[in-house]
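So the structure is just underneath, and the comments pick up after that.
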Amino acid sequence: MYDIKALYEATSVQDACRLLTEHPEAQVIAGGSDVLVQVREGKRAGKELVSIYMLDEMRGVSIDDKENIRIGSLTSFSNITKNPIIQEKIGVLGEAVNMIGGPQVRAIGTIGGNTCNGVTSADSASTLHAWEAIIEITGPDGVRCTPIKDFYIKAGTVDLRLGEIQTAILIPKESYDNCFGHYIKYGKRNALEIANIGCSVNVRLSDDKKKFDRVRIAYGVAGPVPMRVPTAEEFINGKAVNKKNVEQFASLVLKDINPRDSWRGGKAFRQHMAVEMAKRALIESVKKAGGEVK
């Protein structure tokens, strides 16, 4: 049995905002793959829950009138992986979320839940940072949008205020147009594993494939929240596509990341992996973009 004080079923986004305002201590529950485990473990025992699971308006992937890719926050990981828009425009996101848990978790778990947890190891988070995602938030005062880098406040805490829920994730056209990416997750097992460290890179090459027009790189478990690596990005943008520049790019990630020692991996090990992952992810992204690192 689950120790739950009350469960409220929202009938619309506005109704969810009303319920959360009336019950300020309530926890939002969507797929439940995290929340129910936490309740069972006693971490959220006795909580009121506001379920948004039935809000189909928050599901699906589309392209809006500004050519942003819009991902409803209740879209499951498995549906993201299989979605044709994701496969065509930002296939790396589908690949990243396909590494979460097992098939059952991916069928019920949602991308909104994955980001709203605020954990640095979330497999979607580093890729969404690298693609400069915008978080759409709906609350009693309407809709507001914030860059994903500002959405993460500290470990386990995101920028959701009283009565607000995350309703969608937007990927701007400038961030995905003619860009190709790769995600690498390192764990001690090949499946059902939380990332020991994760690295997501995407590139846009010049027309002749000889220069890096734009590179973005982000990590999970390289700091208390998912993070971009501006020093490495600033170095590589505009540079020639060659092995020397790729090696320098990878070494520069150490200027910005700050992984910690934990029972799952030491700081020095994570730093070593971060450099190697940056190099491999960049090389693979170049290949996907039709270029070659020589």
Side-chain angles (χ1 to χ4, degrees), residues 13 30 57-100 106 109-118 120 122-138 143-152 158-160 165-185 198-205 212-220 225-230 233 237 281-282 284-285 288-289:
V13 169
E57 61 198 281
M58 289 174 55
R59 288 188 171 87
V61 181
S62 59
I63 297 180
D64 67 19
D65 55 3
K66 295 181 180 179
E67 297 189 72
N68 300 314
I69 296 174
R70 179 186 172 87
I71 306 169
S73 292
L74 286 183
T75 309
S76 70
F77 303 126
S78 57
N79 282 330
I80 287 172
T81 300
K82 294 183 290 185
N83 184 271
I85 294 174
I86 297 295
Q87 290 177 346
E88 178 187 355
K89 304 293 187 182
I90 46 173
V92 61
L93 180 60
E95 295 164 6
V97 300
N98 203 40
M99 298 181 187
I100 296 172
R106 294 194 293 271
T110 64
I111 194 163
N114 202 226
T115 50
C116 287
N117 268 341
T120 185
D123 286 301
S124 69
S126 55
T127 295
L128 291 173
H129 273 71
W131 292 83
E132 301 172 313
I134 304 295
I135 304 299
E136 179 191 276
I137 300 164
T138 303
V143 177
R144 65 185 179 94
C145 293
T146 186
I148 194 168
K149 65 180 179 65
D150 298 327
F151 184 64
Y152 284 78
V158 296
D159 182 21
L160 285 175
I165 59 172
Q166 183 200 113
T167 43
I169 296 171
L170 309 175
I171 311 295
K173 182 181 180 182
E174 169 61 21
S175 298
Y176 73 79
D177 193 29
N178 203 30
C179 294
F180 301 84
H182 188 63
Y183 174 69
I184 301 175
K185 171 181 180 176
C199 175
S200 189
V201 172
N202 65 74
V203 306
R204 182 167 58 225
L205 300 180
F212 291 105
D213 182 41
R214 199 198 75 162
V215 176
R216 297 289 183 264
I217 177 170
Y219 285 94
V225 295
M227 59 190 302
R228 289 265 296 277
V229 187
E233 292 179 355
N237 287 326
L282 181 57
E284 187 62 29
S285 296
K288 289 181 178 179

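Scope of the values below: all heavy atoms of this structure, side chains included, with no hydrogens, waters or symmetry mates.
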Task: Heavy-atom closest contact (V215 atom, E233 atom, distance) - done: O-CG, 3.6 Å
- [ ] Evaluate the side chain to side chain contact (heavy atoms under 4.5 Å, CB included) criterion for residues N98 and R106: first the C-alpha distance (whole Å), next the side-chain angles of each, then the deciding distance (0.1 Å), finally the verdict.
- [x] CA-CA 7 Å; N98 203 40; R106 294 194 293 271; 3.3 Å; yes
- [ ] Could you check if a side-chain atom of R228 sits within less than 4.5 angstrom of a side-chain atom of R216, using non-hydrogen atoms only?
- [x] yes
Task: Flag side-chain contact, heavy atom, 4.5 Å: I165 against M58 - done: yes
Open item on the list: Evaluate I171 against L128 for side chain to side chain contact (heavy atoms under 4.5 Å, CB included), listing each step before the verdict.
Closed with: CA-CA 8 Å; I171 311 295; L128 291 173; 3.9 Å; yes
TODO: Report the distance from atom CZ of R70 to atom CD1 of I134, rounding to the nearest 0.5 Å.
DONE: 13.0 Å
Open item on the list: Could you walk me through whether V61 and N79 satisfy the side chain to side chain contact (heavy atoms under 4.5 Å, CB included) test, starting with their C-alpha distance in whole Å, then the side-chain angles of each, then the deciding distance to 0.1 Å, before giving a yes or no?
Closed with: CA-CA 9 Å; V61 181; N79 282 330; over 6 Å; no
Task: Smallest separation among heavy atoms of S124 and T115, with atom names - done: OG-CG2, 3.8 Å
Open item on the list: Nearest 0.5 Å, please: how far is OG1 in T167 from CD1 in I137?
Closed with: 8.0 Å
Task: Test item: S126 side-chain N/O and A218 main-chain N/O as donor-acceptor pair under 3.5 Å - done: no
- [ ] Answer yes or no: is there a donor N or O on one side and an acceptor on the other, between the side chain of Q87 and the main chain of T81, under 3.5 Å?
- [x] yes
Task: Test item: I71 and L93 side chains (from C-beta on) under 4.5 Å apart, heavy atoms - done: yes
TODO: Evaluate side chain to side chain contact (heavy atoms under 4.5 Å, CB included) for N83 paired with T75, printing each intermediate quantity in order.
DONE: CA-CA 10 Å; N83 184 271; T75 309; over 6 Å; no
Open item on the list: Please find the pair of heavy atoms, one from W131 and one from G181, that lie closest to each other, and give the distance.
Closed with: CZ2-N, 4.1 Å
Open item on the list: Quick check for you: to the nearest 0.5 Å, what is the distance between F77 atom CZ and D123 atom CG?
Closed with: 8.5 Å
Open item on the list: According to salt bridge (charged side-chain N to carboxylate O under 4.0 Å, His left out), does anything in residues 73-96 pair up with another residue at least two apart or in another chain? List the pairs.
Closed with: E95-K288
TODO: May I ask you to test the T120-Y152 pair for a side-chain heavy-atom distance under 4.5 Å?
DONE: no
Task: Non-hydrogen atoms of P226 and A125 that approach each other most closely - done: CG-CB, 3.5 Å
Open item on the list: Please find the pair of heavy atoms, one from S285 and one from F180, that lie closest to each other, and give the distance.
Closed with: CB-O, 3.6 Å
Task: Approximate separation, where rounding is to 0.5 Å, of K149 NZ and E132 CD - done: 10.0 Å
Check residues 198-205 and write down every donor-acceptor pair under 3.5 Å in which the side-chain atom is one partner and the other belongs to a residue at least two apart or another chain.
residue	atom	partner	partner atom	Å
S200	OG	T127	OG1	3.0
N202	OD1	R214	NH2	3.3
N202	ND2	A130	O	2.9
R204	NE	D213	OD2	2.9
R204	NH1	E174	O	3.2
R204	NH1	D177	O	3.3
R204	NH2	E174	OE2	3.0

Task: Residue pair Q166 / S73: nearest heavy atoms and the distance that separates them - done: OE1-OG, 2.7 Å
Task: From CD1 (I111) to CD1 (I100), nearest 0.5 Å - done: 7.5 Å
Task: Among D159, T146, V158, L170, the one residue meeting side chain to side chain contact (heavy atoms under 4.5 Å, CB included) with I135 - done: T146
